[in-house]
Amino acid sequence: MNRLKSAVIAELPKDVVLPNYDRSQLKPGIVHLGIGAFHRAHQAFYTEAVLNKFGGNWGIIGSSLRSPAVRDQLVPQDCLYTLVERSGEGEKLQLIGAVLDTLVGPENPAALVAQMADTTIKIVSLTVTEKGYCHDPASGNLNLNHPDIIHDLEHLDKPVSAIGFLVAALKQRFEKQQKAFTLLSCDNLPNNGEVLEKVVVQFAEKISTELAQWIKTHATFPCTMIDRIVPATTDDDRRDIEQRLNLRDEAMVVCEPFSQWVVEDKFADGRPEWDKVGVLLVDDVRVFEKIKLRLLNGAHSTMAYTGYLSGFQYISEVMEQPAFVNLVKTYMAREAGETVSAPAGFDIEAYKQQLRDRFSNKALKHRTWQIAMDGSQKLPQRLLETLREQLAGKGHIDILCLGVAAWIRYVSGVDEKGNAIEVSDPLAKELRAACDVNQGNPAAMVKAVVSIEKVFGSDLVNEPRFIATTTGWLERFYAKGILASVQDAFE
Ligand code: CS2
């Protein structure tokens with residue numbers, strides 16, 4: 001089967017939206033670290049819209065910091081890929097041309113640093129997932145004991161971490177007295193730009209205080225809120241598109257029609273006209289980010305653990321269960337809903353209903369297992385910050401505790417049928433050990449897991465209402481299973 005590439009674009013079906021700019025003249029202006037499916041469906045999608053409308057040298061040089069897999073999918077097809085929006089109304093296909101090349105950090109770190117240091121690059125954006133910041137989720141500080149950080153502080157000429165690559169590139173610009181670039185975090189972290197600035201500056205301070213000071217005064221770190229549901233691409237997806245295009249597209253991405261991007265308008269050396277293609281450029285992202293992280297991502301994580309352990313592979317299947325719909329509605333109205341306030345003119349009830357509709361999109365095979373990944377890095381901002389506010393304000397915490405209890409049940413590594421769970425989490429071993437030594441004693445399991453300060457800080461283990469309610473849910477889960485527990489409580 002022929003492969004998608006520039007030479008065959010004319011052969012594509014007429015209903016595929018094509019780039020309407022001269023891609024052969026496109027120059028790079030952005031380097032992206034972590035060119036996974038989410039970036040290709042979100043930031044690259046918006047940048048493509050700018051190129052289609054206004055042109056400009058905003059081509060993207062993508063990079064992977066771990067594996068050559070995405071490079072091997074993209075480069076043989078001239079970094080072109082199909083973006084497939086799927087919903088109950090059918091699907092829309094768009095050919096994205098904004099990505100010009102893809103580098104693999106571990107293969108040639110110096111080349112990636114040099115590309116980032118090239119002054120034609122105005123923005124370095126990131127989707128490296130929560131764990132890519134090498135920080136302690138509870139404190140936000142750079143984890144100086146992280147093996148990648150230890151390595152990069154000793155070998156900044158060949159970094160392995162996103163933070164190391166960023167500082168190495170900024171150091172080259174600093175030494176040549178050139179302009180800094182904008183560091184644009186596009187990960188699901190509260191105040192993601194501030195989190196990134198903190199770890200970058202703390203790393204740079206270990207190199208030189210002058211460099212750290214220069215970064216603080218010349219680089220910018222806008223906060224962003226990013227939103228689009230993008231399931232991991234499957235072989236079935238690729239087979240579907242192969243039949244549709246009569247071409248093989250190894251790098252295709254499936255996503256929902258909805259997308260939203262809110263960005264603090266704080267750029268060191270210009271940006272694409274994203275504001276003219278639907279991106280919200282604001283002075284303060286926080287209110288949008290809190291609503292999204294708590295109402296969408298908090299519900300997502302709660303459904304991921306309870307749904308997976310109830311035997312549901314996809315989020316849309318969880319949302320077919322009346323008890324889970326009621327759980328999500330209650331969570332959005334109470335535990336999370338009580339802690340968020342909507343900006344003027346924002347219909348938050350319509351937003352909650354839209355979220356539930358998005359979760360119910362059967363055309364998206366969004367796996368509970370995928371969302372369950374990296375819970376130790378996700379729960380602090382998705383459930384625990386809400387929990388702290390509710391504890392302080394004597395508000396509702398029941399479903400937050402249910403979510404934490406379901407996560408503890410999940411990281412125990414054994415499901416309700418006695419089968420092993422593939423727990424993908426940087427702290428998987430530590431979490432499993434905390435469960436194993438307390439097997440059969442839910443109260444002790446809760447105490448042991450909640451004592452892990454990197455996730456829970458040092459305060460929550462001393463919150464009797466939280467500990468008791470979480471223990472109560474975990475006891476019910478072991479006694480009658482999660483599905484029955486949720487049905488008893490919410491049906
Ligand atoms: C999901 C997010 O995998 C996950 O943790 O909750 O990727 C979610 O799909 C996006 O944040 C939606 O914008």
Side-chain angles (χ1 to χ4, degrees), residues 34-46 83 85-87 126-133 137 185-190 192 195 223-234 253-263 278-280 285 288-308 312-319 324 328 331-332 336 351-352 354-361 363-386 403 406-407 410-411 422-426 455:
I35 186 160
F38 183 76
H39 170 73
R40 303 204 303 278
H42 188 269
Q43 303 98 59
F45 161 78
Y46 283 107
L83 184 58
E85 293 180 10
R86 276 200 190 133
S87 71
L126 300 84
T127 47
V128 292
T129 79
E130 297 85 345
K131 58 182 178 290
Y133 291 75
S185 169
C186 297
D187 283 295
N188 279 319
L189 288 168
N192 52 14
V195 170
C223 289
T224 71
M225 185 279 271
I226 61 291
D227 188 2
R228 192 165 220 183
I229 294 176
V230 185
T233 305
T234 66
V253 181
V254 176
C255 64
E256 64 172 335
F258 178 92
S259 71
Q260 186 178 26
W261 198 10
V262 184
V263 183
V279 178
L280 273 179
V285 174
F288 296 94
E289 166 197 275
K290 192 173 180 181
I291 288 174
K292 191 260 180 178
L293 275 172
R294 295 187 179 192
L295 289 177
L296 189 155
N297 294 113
H300 246 186
S301 290
T302 302
M303 286 193 284
Y305 303 114
T306 54
Y308 179 93
F312 301 119
Q313 189 176 3
Y314 303 121
I315 287 291
S316 58
E317 293 173 336
V318 178
M319 290 299 286
F324 281 93
V328 169
Y331 165 81
M332 288 183 171
Y351 177 80
K352 292 173 185 176
Q354 183 186 51
L355 284 177
R356 294 191 290 265
D357 295 343
R358 291 170 61 195
F359 293 156
S360 304
N361 181 351
L364 287 189
K365 304 291 181 207
H366 200 186
R367 293 175 64 201
T368 49
W369 183 86
Q370 177 185 341
I371 299 168
M373 290 169 72
D374 298 341
S376 67
Q377 312 294 306
K378 294 178 178 179
L379 260 60
Q381 56 273 11
R382 296 182 178 201
L383 298 179
L384 304 186
E385 278 316 300
T386 311
W407 178 60
Y410 181 85
V411 297
E422 185 194 346
V423 177
S424 176
D425 191 299
V455 181

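As the structure lists them, so they are numbered: ligands from 1, and atoms in each ligand from 1. Numbers for residues simply follow the sequence, beginning at 1.
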Taking atom 4 (C) of ligand 1 as the reference point, the nearest protein heavy atom with its distance: K378 NZ, 3.5 Å

4.0 Å heavy-atom contact, R382 with ligand 1: yes

Under-4.0 Å heavy-atom contact with ligand 1, by part of R367 that carries it: neither

By ring-ring contact (aromatic ring centres under 6.0 Å, His included) - contacts of H39 (at least two apart): H32

Proximity of V230 to ligand 1 by residue part, where a heavy atom lies under 4.0 Å: neither

Min N/O separation D227 to ligand 1 under 3.5 Å: yes

Distance from atom 7 (O) of ligand 1 to nearest protein heavy atom, with residue and atom: N188 ND2, 4.3 Å

Q377, K292, H366, H300: member with heavy atom nearest to atom 10 (C) of ligand 1: K292

Within 45° cone and under 6.0 Å: R228 NZ/CZ vs F45 ring: yes

Distance-only polar pair, side chains of S87 and N361, donor-acceptor under 3.5 Å: no

Between T306 and Y410, a side-chain donor and acceptor under 3.5 Å: no

Salt bridge (charged side-chain N to carboxylate O under 4.0 Å, His left out) contacts in which one or both residues fall within residues 292-301, not counting sequence neighbours: R294-E389

L355, I229, N297, D187: member with heavy atom nearest to atom 2 (C) of ligand 1: N297

Pair S259-D227, side-chain donor/acceptor within less than 3.5 Å: no

